[in-house]
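Here it is: the structure, laid out below.
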Amino acid sequence: MKKKTIITYGTFDMFHIGHLRLLQRLSKLGDELIVAVSTDEFNKQKNKTVLIPFEQRAEIVANIKGVDKVIPEYCWEQKIDDIKKYEVDIFAIGKDWEGKFDFLKPYCEVLYLERTKEISTTQLKKSLTRFLSIPKEDILNAFKVIEALKKDFE
Ligand code: C2G
């Protein structure tokens, strides 16, 4: 009996719970989950700056339970070839892409899944930038205040 094969595509930079939840849901949709991870070069085409290099992003995704195969995503145009090559039954991706991949419908089922709220790589980067912009002495002073308060409660 042919395995039910699912495919998805993404950058998966700074891997977080939103990525994990998506992959967990996708792995429940079929027997085999293929994840195409965007290469660093392709991210430039997507105007997406990535912090974690492709090899590490691919290795992290490959080690997520439920992910059976990781392939590189080089370009926008490879999806139909991938779907044919791997006999994909379902193409699925987050709802932020709603409608963008309907051209794949003649080749396989196309699903757009709810994103996980309140988490995104962009948000993580913003929080990190905000934290790193706090002057070091302010952070040290804050720690001194916390230490002093802890002593009061000892
Ligand atoms: N995602 C999610 N919830 C979040 C953040 C991301 O469900 N809070 C999903 C996205 O919808 C996407 C996947 O996680 O399906 C990977 O997200 P990105 O790494 O941002 O992928 P993207 O840059 O959108 O690449 O050809 C398609 C593109 O390569 C998709």
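Both counts, for ligands and for their atoms, begin at 1 and track the order of listing.
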Checklist entry - Which residue from Glu73, Glu114, Lys100 reaches closest to atom 26 (O) of ligand 1 through any of its heavy atoms? => result Glu73
Item to check | Proximity winner for atom 19 (O) of ligand 1, if only heavy atoms of Phe12, Trp76, Tyr112 are counted | outcome: Phe12
Checklist outcome for this item: Numbered in order shown, the ligand 1 atoms found under 4.0 Å of a heavy atom of His16 are 5 (C)
Checklist outcome for this item: Among Gln123, Glu98, Lys48, the residue with a heavy atom nearest to atom 20 (O) of ligand 1 is Lys48
Item to check | Residue Gly94 vicinity, atoms of ligand 1 by number, heavy atom under 4.0 Å | outcome: 11 (O), 15 (O)
Checklist entry - Numbering the atoms of ligand 1 from 1, which are under 4.0 Å from a heavy atom of Asp96? => result 10 (C), 11 (O)
Checklist entry - Taking 4.0 angstrom as the limit, do Glu87 and Lys3 come out as a salt bridge? => result no
Item to check | Polar side chain donor-acceptor pair, Asp13 to Thr121, under 3.5 angstrom | outcome: no
Item to check | Note: Glu154-Lys151 ion pair, threshold 4.0 Å (strictly below) | outcome: no
Checklist entry - So is Ile93 polar-close to ligand 1, meaning N/O to N/O under 3.5 Å? => result no
Checklist entry - With atoms numbered from 1 as shown, which atoms in ligand 1 lie under 4.0 angstrom from a non-hydrogen atom of Ile119? => result 4 (C), 8 (N)
Item to check | Salt bridge Lys2-Asp89, side-chain N to carboxylate O under 4.0 Å | outcome: yes
Next on the checklist: Between Asp40 and Arg57 (salt bridge meaning N to carboxylate O under 4.0 Å), is one present in this structure?
Outcome noted: yes
Item to check | Numbering as shown, the atoms of ligand 1 that approach Ser38 to under 4.0 Å (heavy-atom distance) | outcome: 29 (O)
